[in-house]
Each structure stands twice: as C-alpha cells, then as structure tokens.
Amino acid sequence: MSILGTRVVRTEDPVFLTRGATYTDDLTDERLTGALHLTLVRSPIAHATITSIDVDAAKDAPGVVAVFTGADCDLAPMLGFPAAHKAMLRPFLAVDRVRYVGEAVAAVLTEEAYQGEDAAELVDVDYEPLDVVVDMKEALKDEVLLFPEAGTNLVSGMHLNKEGRPEDFFADCEVVVSKEIVNQRVAAAPLETRAATAFWGEDGRCTLFLSTQNAQAARDEVAGWMGIEPSQLHVILPDVGGGFGAKIGADPEFALVGWLSKKVGRPVRWNESRSENMTGMVQGRGQVQTITIGGDRDGTVKAYSLEVVADAGAYPRLGVALPMFTRMMAPGTYDIPKVWSTASVVATNTTSTAAYRGAGRPEATQAIERAMDLFADAIDMDPAELRKRNVVRPEKFPFTTKGGAEYDTGEYAKAIDLALKAADYEGLRAEQKRRREAGDPLQLGIGVSSYVEITGGGAFVENATVQVHEDGTLTVLTGTSPHGQGHATAWAMLASEQLGIDIDKITVKHGDTDLIPKGAGTMGSRSLQTGGIAVHNAAVDLVELAKQRAADVLEANVEDLVVADGSVQVKGTGAAVSLAELAGREELKAFHEWDAQKPTFPFGAHVALVEVDVESGKATVERIWAVDDAGPILNPLIFDGQRHGGIAQGIAQAMLEEVMWDEEGQPLTGTFADYGIPSAAELPSFDLVTMETPTTINTLGYKGIGEAGTIGSCPAVHNAVIDAVSHLGVEHIDMPLTPMRVWAAISEAAK
C-alpha cells in the first residue's frame with residue numbers, strides 16, 4: 001500500500017510539543033560565548049533630517065561596550081529591489097534623514113540584553129521634522145518627496161501600462177460598473193520576530209544564524225551588502241517560527257549584525273521586540289484599486305480593467321514587484337475577452353512592503369471577485385450563477401488569459417458547484433429571504449468566491465540529495481526551508497515510497513549553506529512542486545543506483561530487481577540485499593536538481609456565511625465551505641492544516657487586520673493591543689471539500705496549497721458581509737469590516 005495520500009502524523013511535532021523549538025534567540029552554541037546584545041535606536045519621527053546625534057551618555061551607561069551611528073558604518077547603502085529607482089537607497093543606519101517611524105539610527109552593544117533599552121534611551125538625536133506623506137494617492141502627487149534627488153515618489157515604472165486604456169474599451173457593454181476599493185496593509189506578525197546572531201571564525205568566515213525562509217538567498221544578499229564573497233558567509237537556520245512571506249531572503253539588520261560582530265571582535269545577538277516587529281518588519285498588501293467591469297444583462301462579462309496604486313513604504317523592497325502578480329492574475333478564473341490593467345508603486349513614510357501569504361495574487365482575486373458581485377447586483381443576477389457563466393471551461397486548458405498567464409489545468413465551474421452543494425446554497429438563500437422579509441436585526445450574508453492562483457514562487461529549480469547509511473537510516477538534504485509547513489514528514493513520505501524505509505528512520509536536513517549550498521527556500525507555495533519533486537526524483541535515482549549495485553551482489557539482472565522494505569530483492573525469489581549493506585560497501589546517495597520551468601495554477605471556490613447585527617454593525621463569520629484544488633494530496637493532515645491557516649488569515653484580513661498610521665506617520669497599530677490578530681474564538685468551523693485536479697507540469701501532478709486558503713476565503717467573507725446589508729442599499733464597504741464601518745455604511749445608505 002502506498003504511503004502517499006495517507007494521513008501521516010507530522011514527525012516534527014513531538015519535539016515542538018515537548019522540548020519546544022530552538023529559535024535563533026535560544027541558541028547556546030559554545031562559539032557564541034561572550035556574545036554582545038544589539039539594541040537599535042529607532043526614529044520616533046516619520047520624516048525628518050538628522051541634525052546631530054550625541055552618543056556620549058549612552059557609551060557611559062552600564063554594560064555598554066560600543067555605540068555606532070550611521071557615520072561609523074561603512075556598509076554601502078543598499079537598493080532593496082533591483083528595478084527600483086536608483087536614488088532610493090537605504091542606509092543600514094540612517095545618516096542625514098529618516099523616512100519612517102522605526103528606522104534604525106544607532107546601534108548599541110551591551111553585555112546583557114536588558115541593558116540595551118536603557119542605554120538606547122540615552123542616545124540623543126536631534127531631528128528637524130519634514131512634511132509627511134502616508135497616503136498612496138497623495139504620494140503620487142509628488143508634493144512631499146521622500147528622496148528629493150529622485151524627483152518623484154514613483155518607485156518604478158515597471159508596471160505602468162503606458163498605452164493607456166482604449167477609449168472604446170467598454171463601448172459594446174450594456175452595463176458598466178466601476179468602484180474604487182482598498183486592499184489594506186496587513187502585518188505578517190509571525191510567532192517569532194526577526195532575529196540574527198553572528199560570529200567570525202579564525203578562518204575569516206562569518207557564521208550567521210538567521211530566522212529566514214531561505215538560507216541560500218539570505219547568504220547571497222547579506223554577503224553582497226557586507227562586500228564579501230558568499231563563500232565567506234555560512235548561514236544556518238535554527239527553527240523558524242513562521243514567516244508568511246515577510247521572512248523571504250534577508251533583512252538589512254542581518255548584515256548590520258555581521259558587520260558589528262567583526263567590528264568589535266565578538267559574537268553579536270539581535271532579537272527584536274514585538275513592537276519593533278510591528279513597525280520594522282516588511283508588511284503586506286497595501287493597494288488602492290479601481291475596478292471597472294462591463295458586460296451584457298444576460299450575464300456575459302465582456303471587459304474588465306484594473307488600476308492599482310501600490311504602497312512600497314519608505315524603502316523599496318519586494319513589494320515593488322508584487323503588482324506584477326496582481327496584473328497577471330487580474331482576470332481570475334474568468335474567460336473575459338478584454339482585460340486591461342496598470343499599476344503605480346509609490347514610496348510613502350511608512351514601513352516597507354514585501355510578500356505576505358499570497359503576495360499579489362490575493363489582491364487580484366479580491367478585485368475581480370468584488371467586481372463580479374457588483375456586476376451581478378447591477379444586472380440583478382445571482383452572483384454564483386454569474387460566476388459559473390463566465391469561468392474558463394475545462395476543455396480550454398491549457399488556457400492563456402488576457403493577463404498573460406498560462407493556466408495548466410482547472411475545473412472552475414465544478415469547484416463552484418461543489419462549494420454551493422456543501423453549503424446548501426439554496427437553503428441559505430431561502431433563510432436569508434425569510435430574515436429580510438421579517439426585518440430581523442440579525443441578517444444573513446452569503447459570499448461566494450472563485451479563485452485561481454499562480455504558484456512556484458518564480459523559483460522553479462530545486463535540488464535534493466538522498467543518502468542511505470550503513471545503519472539503515474536515510475538522510476534527505478533539501479534546498480527548501482520549512483517554517484511550519486511539515487517538510488520533514490512530507491519529504492520522508494516521498495523518499496519512503498520509493499525506498500521502503502520507515503519514515504521514523506528518515507532525517508530531513510535543510511537551512512545550512514555549507515551542507516546545502518544551493519536552494520531556493522520556501523515561499524510562493526513552491527515547496528512540494530519543486531523541492532518535493534526533487535526529493536521524489538532523487539529517490540527514484542537512488543533506486544536505480546541501488547539496483548545496479550545489487551545486481552553484482554545478487555548475481556542477477558537489473559531488470560529482475562525491485563526495491564522494497566529497505567532492500568533490493570530479486571523478483572519471485574527470497575534473494576535480497578539490504579540498502580544498509582550496500583551503503584556499507586560503498587557510499588549510496590543520489591543528487592537530483594529539478595527544473596519545473598513553469599508555475600502551476602491551483603484553484604477553488606469558497607462560500608462564506610456571516611451574520612450581521614444591522615443595529616450595531618457587528619458581523620460574525622458563522623461558517624465557511626472551501627474547495628481548494630492543488631492536485632493530488634500527498635498528506636491530507638498537512639494539506640488541511642495549510643488550508644486552515646490560510647483560511648484563518650483570509651478571514652482575519654476581511655474582518656480584523658489593518659496596519660494604520662496617523663497623518664504624521666505615527667503608527668496606530670504598533671502592538672497586539674491595537675492590531676487585530678484573530679484567536680480561535682473569532683474563527684468559524686471550516687468545512688473542507690476535497691477536489692484533486694493534477695497539473696501537467698510535474699510527474700506527480702502536485703500544485704501548491706500554502707496560500708490558497710487565504711486567497712479564496714478573504715473575498716468570500718468580504719462579499720458575504722456586504723451581501724448581508726445589500727438590501728439596505730449598501731453597495732460596498734472597504735476591509736476590514738469592523739462594526740463601525742458596517743454600521744456607518746448602513747447609516748449612510750439610509751439617508
């Protein structure tokens with residue numbers, strides 16, 4: 001019986017549930033003896049020139065070993081994203097100007113961690129405040145410039161559709177609907193905040209322990225910033241407590257930690273506080289979208305346009321690139337004849353943006369799914385029926401959209417039907433009608449979303465090494481880098497399937513650049529379809545190698561041999577030799593590099609049921625039914641766990657989460673007391689419906705599942721809340737759907 005497709009309990013969990021994880025800040029490596037602790041002095045002002053910095057009092061504080069300012073740091077300012085405006089450089093410690101609250105101005109090194117905060121308060125920085133711009137649309141006006149030498153706040157022109165939308169774009173449409181909507185800024189808020197620890201060895205190499213999603217990319221980035229060769233940097237990842245995209249690659253603080261360690265000749269540790277994380281770690285989303293959709297009254301959608309203004313924050317990071325995915329995935333699951341899009345990315349006096357679970361794709365889905373509901377309302381058609389009429393038909397795959405994406409496989413209408421059936425959609429609509437007619441203060445809302453996403457992370461190459469040892473155990477080396485995804489279990493299952501070795505005898509290693517020099521990490525729902533396939537192929541290669549070796553031992557033909565139960569056996573006889581014995585004779589391992597060359601396109605449909613108290617505006621998510629199709633399911637336990645996490649984060653954006661600043665750029669959501677992180681009490685039951693449509697891109701048919709739940713659930717919940725009050729005249733409410741916003745929308749519609 002195959003182990004693939006079975007609910008194998010995660011092998012990594014017992015350690016987490018008993019001993020607990022070992023994060024970067026928990027390390028007790030003897031090489032870190034005498035480590036100093038880094039505390040960063042951060043700007044309390046969003047935009048200002050620095051007129052002076054006095055560190056004398058701080059240097060005399062108890063436990064202080066050294067204090068450094070930007071004037072002391074010889075690390076060259078870095079450009080956070082290659083396609084950004086070349087003038088928008090970020091110093092590792094601010095020199096002449098600060099551009100957001102939380103920007104590092106000075107570095108304090110102390111013997112004990114607790115001494116750092118007191119000493120940092122003694123660093124006297126004189127600021128001359130400048131005008132502040134936090135609104136994306138205001139930033140486009142270039143009236144307040146973050147980088148005067150750039151002459152603009154436009155970070156890059158890479159997403160601009162310079163030809164403009166044709167004047168007759170919607171000319172043949174009977175109905176055209178347009179709306180400006182906001183896809184608000186959210187914080188990743190991982191369990192473990194950012195952390196780094198560095199020391200320099202006698203060989204002149206720097207060892208850097210990091211909390212990141214990709215050891216190899218972090219090595220290359222940090223080495224570049226430090227002006228050393230990647231070979232001079234050894235990056236090791238201990239346990240990583242979540243990332244959600246915000247820990248892709250490296251942070252500038254990582255290079256600063258390495259530089260400081262060399263400067264003082266001692267190991268240096270850095271672990272940020274939660275409030276630092278909420279103002280310093282890259283954040284996600286942050287788009288103002290103008291959606292326009294047109295078609296005929298029979299439900300045929302003919303044209304769709306999407307105009308995006310995206311927030312890069314103060315210094316360009318990966319967020320500059322994400323509108324590429326928003327534009328590419330603009331049509332969603334729909335076969336729309338005409339699609340036009342454009343995006344402007346601007347700098348503001350706020351925290352930089354980068355990836356957050358879905359990274360550009362949820363923004364596209366949110367836009368098209370709101371557009372479909374608005375159009376359905378305009379032509380008085382059921383929103384589920386409208387979707388089914390316009391989705392791409394199965395016989396059209398592979399299908400190239402007007403956004404330029406080539407969808408591999410999909411059955412979008414089937415997914416919608418499965419979700420509607422699971423939810424008893426007709427029954428829900430009947431109960432909604434009853435409550436409306438009765439004037440019930442608790443109204444029901446039903447939201448539907450159909451989604452497709454692109455997975456692969458833009459990194460289609462991954463490698464794996466599989467080695468059998470003479471004690472019968474197996475080691476898997478992988479270039480992926482898990483931070484909660486369950487790779488130790490999943491990769492062991494893939495290897496066990498081919499070699500017949502029990503998964504409790506298989507060890508998966510990752511996140512060490514000396515052990516695994518090449519790798520693309522974990523992001524963009526890429527791991528199984530790249531890293532997993534590499535493990536599978538390496539195991540297949542090892543089977544062939546073992547059979548060739550065993551043929552001599554068993555004096556049999558290779559074609560008469562089979563590998564099972566950890567041994568090579570001669571078919572139809574009792575003759576066999578164990579893989580362990582073969583490994584004892586000669587090293588038994590195989591390396592495989594897999595290049596998928598293309599992304600895959602998971603898809604699905606969600607139905608959300610909400611209850612809204614129309615007197616108070618309080619909305620409660622009661623149920624959600626989710627069809628998430630990512631091809632064959634390797635491990636249902638892990639698969640469903642990824643869906644649960646994604647759905648929770650999608651609901652959280654729809655209902656609770658929003659990073660906010662006041663007009664002066666002061667954070668209003670700098671702690672968990674201000675920022676709406678959901679608990680189990682705020683989340684409903686998840687009804688998960690299974691559907692498996694293999695991709696043609698890899699031999700096992702796998703697609704990505706890590707971000708799907710987020711992409712499908714958020715628009716379903718958003719649509720549901722608006723649906724609950726639509727009969728009162730409410731057309732749209734921006735997320736998050738707080739009681740105040742819902743109540744205000746109801747009150748405004750009643751005027």
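These values consider heavy atoms only, across backbone and side chains, with no hydrogens, waters or symmetry-generated copies. These numbers come from a predicted model, not from an experiment. Note that the numbering runs from 1 along the sequence shown for the chain.
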Which residue pairs pass the salt bridge (charged side-chain N to carboxylate O under 4.0 Å, His left out) test with at least one member in residues 639-652, sequence neighbours excluded? Arg7-Asp640, Asp628-Arg643, Asp640-Arg643
So, Thr671 versus Ser275: side-chain donor-acceptor pair below 3.5 Å or not? no
Looking just at side-chain N and O atoms, do Ser525 and Thr455 make a donor-acceptor pair shorter than 3.5 Å? no
Does this structure show an ion pair linking Lys703 with Asp408, if we count only N-O contacts that are shorter than 4.0 Å? yes
Does atom CD of Gln666 have more than 12 heavy-atom neighbours from other groups under 6.0 Å away? yes
Crowded around Lys179 NZ? As in, over 12 foreign heavy atoms under 6.0 Å? yes
Under the rule for side-chain contact (heavy atoms from CB on, under 4.5 Å), what residues qualify as partners of Ala314, not counting sequence neighbours? Arg99, Tyr100, Leu146
Is a salt bridge present between Glu103 and Arg90, judged by a nitrogen-to-oxygen distance below 4.0 Å? no
Under the salt bridge (charged side-chain N to carboxylate O under 4.0 Å, His left out) test, residues paired with Arg42 that sit two or more places apart: Glu253, Glu276
Has the side chain of Asn277 got a donor or acceptor atom that lies under 3.5 Å from a matching backbone atom of Thr193? no
Could you walk me through whether Gln184 and Gln653 pass side chain to side chain donor-acceptor pair (under 3.5 Å), step by step? CA-CA 8 Å; Gln184 80 275 26; Gln653 181 178 2; 3.3 Å; yes
Quick one, Leu668 with Asp674, criterion side chain to side chain contact (heavy atoms under 4.5 Å, CB included). Give me CA distance, side-chain angles, the key distance, then yes/no. CA-CA 7 Å; Leu668 302 177; Asp674 310 306; over 6 Å; no
Which is it for Ile181 and Ile291 under the side chain to side chain contact (heavy atoms under 4.5 Å, CB included) test, yes or no, and what are the steps along the way? CA-CA 8 Å; Ile181 65 176; Ile291 52 177; 4.1 Å; yes
Do Arg285 and Glu657 pass the salt bridge (charged side-chain N to carboxylate O under 4.0 Å, His left out) test, and can you show the C-alpha distance, the side-chain angles, and the key distance before you say yes or no? CA-CA 11 Å; Arg285 313 288 190 257; Glu657 297 191 34; over 6 Å; no
Sorted by chain and residue number, the salt bridge (charged side-chain N to carboxylate O under 4.0 Å, His left out) partners of Lys402 (sequence neighbours excluded) come out as none
Closest non-hydrogen atom pair between Tyr407 and Gly332, with its separation: OH-O, 2.7 Å
Strictly below 4.0 Å, N to O, side chains only: are Asp373 and Arg387 in salt-bridge contact? yes
Between the side chains of His606 and Ser713, does any donor sit under 3.5 Å from an acceptor? no
Kindly indicate, with the supporting measurements, whether the criterion side chain to side chain contact (heavy atoms under 4.5 Å, CB included) is fulfilled by Phe244 and Gln649. CA-CA 10 Å; Phe244 309 116; Gln649 287 183 290; 3.6 Å; yes
Return each pair, listed once, that meets salt bridge (charged side-chain N to carboxylate O under 4.0 Å, His left out) where at least one residue sits in residues 351-361; pairs must be two or more places apart or across chains. Arg361-Glu453, Arg361-Glu707
Taking atom types as modelled and ignoring hydrogens, do the side chains of Thr351 and Thr279 form a donor-acceptor contact shorter than 3.5 angstrom? no
If you count the non-hydrogen atoms of other residues, nucleotides and ligands that lie under 6.0 Å from CE in Met740, is the total more than 12? no
For Ala608, check side-chain contact (heavy atoms from CB on, under 4.5 Å) against everything at least two apart and list the hits. Ile624, Ala716, Val717, Ala720
Do Thr326 and Glu363 meet the criterion of a side-chain donor-acceptor pair at a distance under 3.5 Å? no
In chain order, what residues pass the ring-ring contact (aromatic ring centres under 6.0 Å, His included) check against Phe81, with sequence neighbours excluded? none
Tell me which pairs pass salt bridge (charged side-chain N to carboxylate O under 4.0 Å, His left out) where either residue lies in residues 310-320, with sequence neighbours left out. Arg185-Asp311, Asp251-Arg317
Holding to ring-ring contact (aromatic ring centres under 6.0 Å, His included), I want the full list of residues that pass it with Tyr675, two or more places apart in sequence or in another chain. none
Side chains of Thr522 and Ser481: donor-acceptor distance under 3.5 Å anywhere? no
Sequence neighbours excluded, every pair satisfying salt bridge (charged side-chain N to carboxylate O under 4.0 Å, His left out) that has a member inside residues 131-142: Lys137-Glu180, Glu138-Lys141
For the residue pair Phe601 and Tyr451, is the inter-centroid distance of their aromatic rings smaller than 6.0 Å? no
What are the two closest non-hydrogen atoms of Asn271 and Ala195, and how far apart are they? OD1-CB, 3.4 Å
The criterion is salt bridge (charged side-chain N to carboxylate O under 4.0 Å, His left out); which residues satisfy it with Glu663, sequence neighbours excluded? none
Between Leu40, Thr24, Leu256, which is the residue that forms a side chain to side chain contact (heavy atoms under 4.5 Å, CB included) with Trp270? Leu40
Show your working on side chain to side chain contact (heavy atoms under 4.5 Å, CB included) between Lys598 and Phe460 and close with a plain yes or no. CA-CA 7 Å; Lys598 292 182 178 181; Phe460 308 128; 5.8 Å; no
Any chance you could measure Arg370, atom CZ, to Ile733, atom CD1, to the nearest 0.5 Å? 8.5 Å
Between His644 and Phe686, how do the two ring planes meet: parallel, tilted or perpendicular, split at 30° and 60°? perpendicular
Could you tell me whether the side chain of Asp629 and the main chain of Gly631 form a donor-acceptor pair under 3.5 Å? yes
Side chains of Gln289 and Gln287 only: does a donor on one sit below 3.5 Å from an acceptor on the other? yes
Is a side-chain donor-acceptor pair under 3.5 Å present for Glu192 with Ser211? yes
Test ring-ring contact (aromatic ring centres under 6.0 Å, His included) applied to Tyr23 - qualifying residues, sequence neighbours left out: none
For the backbone of Val134 and the side chain of Asn349, can you confirm whether one donor and one acceptor N or O come within less than 3.5 Å of each other? no
Going from CG on Leu374 to CD on Glu369, what distance comes out if it is rounded to the nearest 0.5 angstrom? 11.0 Å
Evaluate the criterion ring pair (Phe, Tyr, Trp, His ring centres under 6.0 Å) for residue pair His510 and His483; output intermediate values, then yes/no. CA-CA 11 Å; His510 60 87; His483 43 283; 9.7 Å; no
In Å, rounded to the nearest 0.5 Å, how long is the span from OG of Ser305 to CD1 of Ile293? 9.5 Å
Between the CZ atom in Phe254 and the CG atom in Leu208, the distance rounded to the nearest 0.5 Å is 7.5 Å
Is there a donor in the side chain of Asn183 and an acceptor in the side chain of Gln366, or the other way round, less than 3.5 Å apart? no
If you look at every heavy atom in Leu656 and Gly676, which pair is closest and at what distance? CB-O, 3.4 Å
Test item: Thr212 side-chain N/O and Gly249 main-chain N/O as donor-acceptor pair under 3.5 Å: yes
